[in-house]
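Position 1 is the first residue of the sequence; numbering continues from there.
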Amino acid sequence: MKKALFWMFGALLAMLWAAPPAMFQSVSKEEATLLQKGPEAQYCPNCGMDLVKFYKTNHAVKLKDGEVRQYCSLHCLIEEQGSGYLKDKQGLIDQILVVDVESLKFIPAQEAFYVVGSQKPGTMTMTSQYAFKNRTKAEAFAKENGGEVMDYKSAYAVGEAEFAKDIAMIKNKRETGMYPKGEKLYNESCDKSRLEKLHVHTIAEFKAMVKNSDICGKDLDDSSLQAISLFVWDKKLAKANHSH
C-alpha cells in the first residue's frame with residue numbers, strides 16, 4: 001500500500017512539474033467576453049493573437065456605426081489608432097473599453113485605474129498594463145506585484161513612449177521564432193495556391209479561415225496557427241500586395 005501511494009505521489013509531482021504554468025493573462029473561454037462577431041471574433045484584428053489567451057489585457061473600441069474591434073493589448077489599440085484601421089476614424093469612436101482584472105468585465109477605459117509596469121507579464125509590450133474598476137484593488141495589486149497606478153490617458157502615454165521599443169522586440173521575436181516556424185508549417189502542410197487566394201481584410205479573418213478549413217491540415221494548436229498566419233500575412237501576402 002505504501003509503495004502504491006509513493007508511486008501515485010511521484011506521478012502527481014511529475015505531472016505538476018511537467019505542466020506549464022498558466023499565463024496570468026489567460027482565462028477560460030466561458031469567462032471571456034467576446035464583443036466582436038463572426039468566425040474571427042476570438043482573434044485580435046491587429047496582430048491575430050487569441051483574445052481569450054490574453055484576455056486580462058484586452059481593450060475594445062466601439063464605433064458610432066455599431067462596429068466593435070477587440071484587441072489583445074493596449075499596444076495593439078495604440079498601433080491601430082496611430083497607423084492602422086482607426087487612424088482616420090478618431091471622430092467615429094464612441095467608446096474605448098478595457099477588461100477589469102477583478103471582474104473580467106469590460107469597463108470604460110477612461111474610468112479605469114491602470115497598474116503600469118508590474119511584475120506580471122505584458123502583452124505585446126515589455127511594460128505591462130492591467131486595468132481595474134476599483135482604485136483600492138489597483139493599489140493592492142501594485143503593492144503585491146509592483147507598478148504604478150495611473151489613469152487611462154497616462155497609461156496610453158507610456159505605451160506610446162515605449163511603442164518603438166516594443167515594435168523592435170516583437171519584430172525580433174517574429175523573425176527568430178514565429179516566422180521560421182510558420183514558414184516550415186506553410187511549406188510542409190499548407191495548400192499554397194488556396195491559401196494565398198483567400199480574400200480577407202484582417203489577420204484575424206485570415207487566421208479564422210485557416211482554422212476552420214483544411215488548407216493547412218486539421219487540429220492546429222494556436223501557436224502553430226498563429227505562426228502560419230503571421231508568416232503568410234506579414235511575408236507572403238505583404239510581398240504580393242507591395243508588388244501591385
Can Glu139 and Lys143 be said to form a salt bridge (Lys or Arg N to Asp or Glu O under 4.0 Å), step by step?
CA-CA 6 Å; Glu139 290 173 345; Lys143 184 176 181 180; over 6 Å; no
Look up atom NZ in Lys133 and atom NZ in Lys105, then write down how far apart they are to the nearest 0.5 Å.
11.0 Å
Should the ring pair Phe141 and Phe132 be called parallel, tilted or perpendicular, given that the plane angle runs from 0 to 90° and is split at 30 and 60?
tilted
Of all pairs that satisfy salt bridge (charged side-chain N to carboxylate O under 4.0 Å, His left out), the ones with a partner from residues 22-50, not counting sequence neighbours
none
Quick check for you: to the nearest 0.5 Å, what is the distance between Ile203 atom CD1 and Asn46 atom CG?
8.5 Å
Please confirm whether the backbone N or O of Ile107 pairs with a side-chain atom of Glu111, one donor and one acceptor, at under 3.5 Å?
no
Residue Lys192 excluded, over 12 heavy atoms near NZ under 6.0 Å:
yes
Under 3.5 Å, is there a donor-acceptor pair linking the side chains of Ser193 and Asp191?
yes
A quick test of your reading: do over 12 heavy atoms of other residues, nucleotides or ligands sit less than 6.0 Å from NZ of Lys89?
yes
When the ring centroid of Tyr179 is compared with that of Phe231, is the distance short of 6.0 Å?
no
Backbone N or O of Ala142 within a donor-acceptor pair of the Ser118 side chain at under 3.5 Å?
no
Geometric cation-pi criterion, Lys56 with Tyr130: 6.0 Å, 45°:
no
Side chains of Ser73 and Thr57: do they bring a donor and an acceptor to under 3.5 Å?
no
Parallel, tilted or perpendicular: which describes the rings of His59 and Tyr114, with under 30° parallel and over 60° perpendicular?
parallel
Would you say the side-chain atoms of Tyr156 and Gln81 include a donor-acceptor pair closer than 3.5 Å?
yes
Set of residues satisfying disulfide bond (SG atoms under 2.5 Å apart) with respect to Cys216, sequence neighbours excluded
Cys190
Distance in Å, Leu97 CG paired with Thr33 OG1, rounded so as to fall on 0.5 Å steps:
10.5 Å
Pairs meeting criterion salt bridge (charged side-chain N to carboxylate O under 4.0 Å, His left out) with involvement of residues 68-77, two or more places apart
Glu67-Arg69, Arg69-Glu80
Distance-only, no hydrogens or angles: does the Gln129 side chain make a donor-acceptor pair with backbone N or O of Thr127 under 3.5 Å?
yes
Is it true that the side chains of Ser223 and Lys181 contain a donor and an acceptor less than 3.5 Å apart?
yes
Step by step, work out the side-chain contact (heavy atoms from CB on, under 4.5 Å) result for Asp166 and Met124.
CA-CA 7 Å; Asp166 289 333; Met124 304 290 280; over 6 Å; no
Keeping Gln70 on the side-chain end and Ala60 on the backbone end, is there a donor-acceptor pair under 3.5 Å?
no
Spacing of Ser213 atom OG and Lys218 atom NZ [to the nearest 0.5 Å]:
7.0 Å
Chi angles and distances behind the side-chain contact (heavy atoms from CB on, under 4.5 Å) call for Arg135, Val149:
CA-CA 8 Å; Arg135 175 184 279 277; Val149 178; 4.2 Å; yes
From Ser83 atom OG to Ile78 atom CD1, the distance as rounded to the nearest 0.5 Å:
11.0 Å
Between Asn145 and Gln119, a side-chain donor and acceptor under 3.5 Å
no
Taking it one step at a time, do Val98 and Tyr71 satisfy side-chain contact (heavy atoms from CB on, under 4.5 Å)?
CA-CA 9 Å; Val98 64; Tyr71 304 99; over 6 Å; no
Could you go through the side-chain contact (heavy atoms from CB on, under 4.5 Å) check for Glu205 and Val210 one step at a time?
CA-CA 9 Å; Glu205 291 179 33; Val210 173; over 6 Å; no
Checking the side chain of Ser224 only, and the main-chain atoms of Leu220 only, is there a donor and an acceptor separated by less than 3.5 Å?
no
